[in-house]
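Indexing begins at 1, ligand by ligand and atom by atom, following the structure's order.
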Amino acid sequence: MVSDDVICAFATAEGLAALAVLRISGAGSANLADKIFRFGPIKSELREAKADSALTKRTVVGLKGYQAAYGHVVDPLTGEIVDEVVLTRFKAPRSYTGEEMVEISCHGGAISKMKLLTACLRAGSRMATAGEFSKRAFLNGKFSLIEAEGLADLLNAEAEEAQTLALQQLSGELGYKFKQVRDLLLEFAAKCEMGIEYPEYPEYDIEQVEYLSRLKAIKDLLSDLCAGYDQGRIIKEGIKIALLGAPNAGKSSLMNALVHEDKAIVTNIPGTTRDVLEAEVRYKGLLCQYCDTAGLRAGADIVEQEGIKRSFKTALEADVVLWLISVLPRENSANLATDSLIEHNLTQAILPSTDLLAQFEAKGTQVYFVVSKSDLAEQAEIKAKIEDLYGEKYKVLSCSVLQANSLAFLQAQIYAYYLSLGKGKSQAVRVSSYRQYQGLYNISCIIDTLTADYGETIPPLDVLDQMLQACIEEIELLTGEKADEAVLTTIFSKFCVGK
Ligand SMILES: Nc1nc2c(c(=O)[nH]1)N(C=O)[C@@H](CNc1ccc(C(=O)N[C@@H](CCC(=O)O)C(=O)O)cc1)CN2
Ligand SMILES: Nc1nc2c(ncn2[C@@H]2O[C@H](COP(=O)(O)OP(=O)(O)OP(=O)(O)O)[C@@H](O)[C@H]2O)c(=O)[nH]1
Ligand SMILES: [Mg+2]
């Protein structure tokens, strides 16, 4: 709901700073400011005598848009001088929110800030809720929902890449692509409706070639936008990497080593880890979220079985799976010769089933086989065997927690994978939220249903029109042209108070 009351909040952060900026927005902001703002320096007895009439006549309402003034804030209830400030006037619709606005920058101390806010509230304003300024800006058509999401990301960005992506989104590049999709749909729908309206005029018929090329143009744009989703999401949220493998394969040790933290318990007893443990590290700005999981094996007790269930669940939610394989330490199988030790391990090794690998592939999860503990002599041979088994299709890496360069190599592989996600795709524009992705996906599904039902032949025009209208509705929900209150609330609540 747009409420037209006057709202206020500090746009600057908590804590001590040189200055703090209070924002006031809504019709009547300037009148409200006039209740608390006195132009010019504090009048001394002497100067009061020869009252500066030019100063006393000035009002905030009388200021031009973007004009600033020096003065003091006086509490309307107590008459106390609150602070020495600079005030800026914005005239509707030329302001951030599109409403009449006033900004007051005061000294950054906690008491100054508190007193200024109090004065403002006493003059009749109310505190803004989180994101309320931006929500008003959106409702006044200052930016689309796509840009609003970009703005939220901009404020929350912790990595440089994330900030760059958000700024692009804010500048409207992504919004423009969405608009292109909408325009193509609208044009198509208009054409289709002409055909329905004037069936007797052959010039309004849609020909098959045109039908197919219009459909293709829309689908191409959609897939182009969706293709960038993974990288966009990863830049924002980080890349999720699951460590899987048999008990004792070295998963917990590897995670600890990669995140430089003694996070997970490591012992030589198989079945040490039972819960999924997460730890993060930044590599070249990319947030890597490692998930250590319970070792996979049959015949485990109930607790371990539950842990194993979670291992699979985690793997299926990950972007990258590191599947660890290692030869058991010699002390556990001291009676076996090296050759048979490897054979033994290979038959015992817990390897992903074909079905599981297919699921990873369908989800676009990148799987790496990692022969762990490569400092131990036996591992080179098992690496060769794993390469025989999987090397055609999957990368087989090796690592040892005792060898820093092998860990760096592993981390670099993950980073290279992340970079490869954006290759060959329109670099500038990327869908970055699940909401956007899902909306575009819904549109693709609607179009796919149509081609599934009618193949390459033109469907009855009313069916086509219905389908196009459904797509248009989806895209307008995305851009916010059809604002959905629940969606607005979720998006703007990600903002802080004062934004
Ligand atoms: N003091 C101050 N600095 C700030 C902001 C602010 O609100 N206040 N911003 C807050 O995010 C950012 C800048 N964003 C802004 C966006 C639009 C308008 C604005 O007045 N728009 C008018 C006029 C545009 C024009 O001249 O072309 C408009 O849209 O009509 C101002 C700031 C960062 N710096
Ligand atoms: N030599 C050597 N030993 C390692 C290496 N990584 C792990 N280990 C040892 O292997 C044993 C098992 O390591 P963990 O990290 O607990 O193995 P895990 O895969 O987490 O095992 P579970 O939690 O039981 O599934 C420990 O004794 C580690 O010290 C390595 O790179 N080199
Ligand atoms: Mg473990």
| said: Looking at F133, I'd like to know if the NZ or CZ of K499 sits under 6.0 Å from its six-membered ring centre while staying within 45 degrees of the ring's axis. | reply: no
| field | Min N/O separation N248 to ligand 2 under 3.5 Å | value | yes
| query | Should K494 and D153 count as an ion pair when the cut-off is N to O under 4.0 Å? | reply | no
| query | Do S29 and E100 have side-chain N/O donor and acceptor atoms under 3.5 Å apart? | reply | no
| task | Spell out the protein N/O/S atoms under 2.8 Å from the Mg ion (ligand 3) as residue plus atom name. | result | S252 OG, T273 OG1
| request: Please verify whether a non-hydrogen atom of S372 lies at under 4.0 Å from ligand 2. | output: no
| Any N or O of G250 that comes nearer than 3.5 Å to an N or O of ligand 2? | yes
| query | Mind checking whether K251 has an N or O less than 3.5 Å away from an N or O of ligand 2? | reply | yes
| said: With a heavy-atom distance limit of 4.0 Å, tell me whether D375 approaches ligand 2 through its side chain, its backbone, both, or neither. | reply: side chain
| request: With sequence neighbours left out, write down each residue that passes side chain to side chain donor-acceptor pair (under 3.5 Å) with Y96, or none if nothing qualifies. | output: S134
| With sequence neighbours excluded, residues passing salt bridge (charged side-chain N to carboxylate O under 4.0 Å, His left out) with K309 | E306
| message | With nothing but distance in play, are any N or O atoms of A249 less than 3.5 Å from an N or O of ligand 2? | response | yes
| request: Kindly identify the option in P247, G271, G245 whose heavy atom sits closest to atom 24 (O) of ligand 2. | output: G271
| request: Over 60° means perpendicular and under 30° means parallel, so classify the ring planes of W323 and F360, tilted if in between. | output: perpendicular
| said: For ligand 2 and L376, I'd like to know whether there is a polar contact (N/O to N/O, distance under 3.5 Å). | reply: no
| query | Is the cationic atom of R89 (NZ for Lys, CZ for Arg) positioned less than 6.0 Å from the six-membered ring centroid of Y66 and within 45 degrees of its normal? | reply | no
| task | Sort out the contact shell of ligand 1: every protein residue with a heavy-atom distance below 4.0 Å, listed by chain and number. | result | R23, Y66, P93, R94, S95, Y96, E103, K142, K499
| query | Is ligand 2 under 4.0 Å from a heavy atom in the side chain of T267, in the backbone, in both, or in neither? | reply | backbone
| message | With respect to I265, determine whether any N or O atom, backbone or side chain, lies less than 3.5 Å from an N or O atom of ligand 2. | response | no
| query | Does I265 CD1 have over 12 foreign heavy atoms under 6.0 Å away? | reply | no
| said: Taking 4.0 Å as the limit for heavy-atom contacts, which would you say applies to P270 with ligand 2: side chain only, backbone only, both, or neither? | reply: backbone
| If we only count N/O pairs under 3.5 Å, is C399 in contact with ligand 2? | no
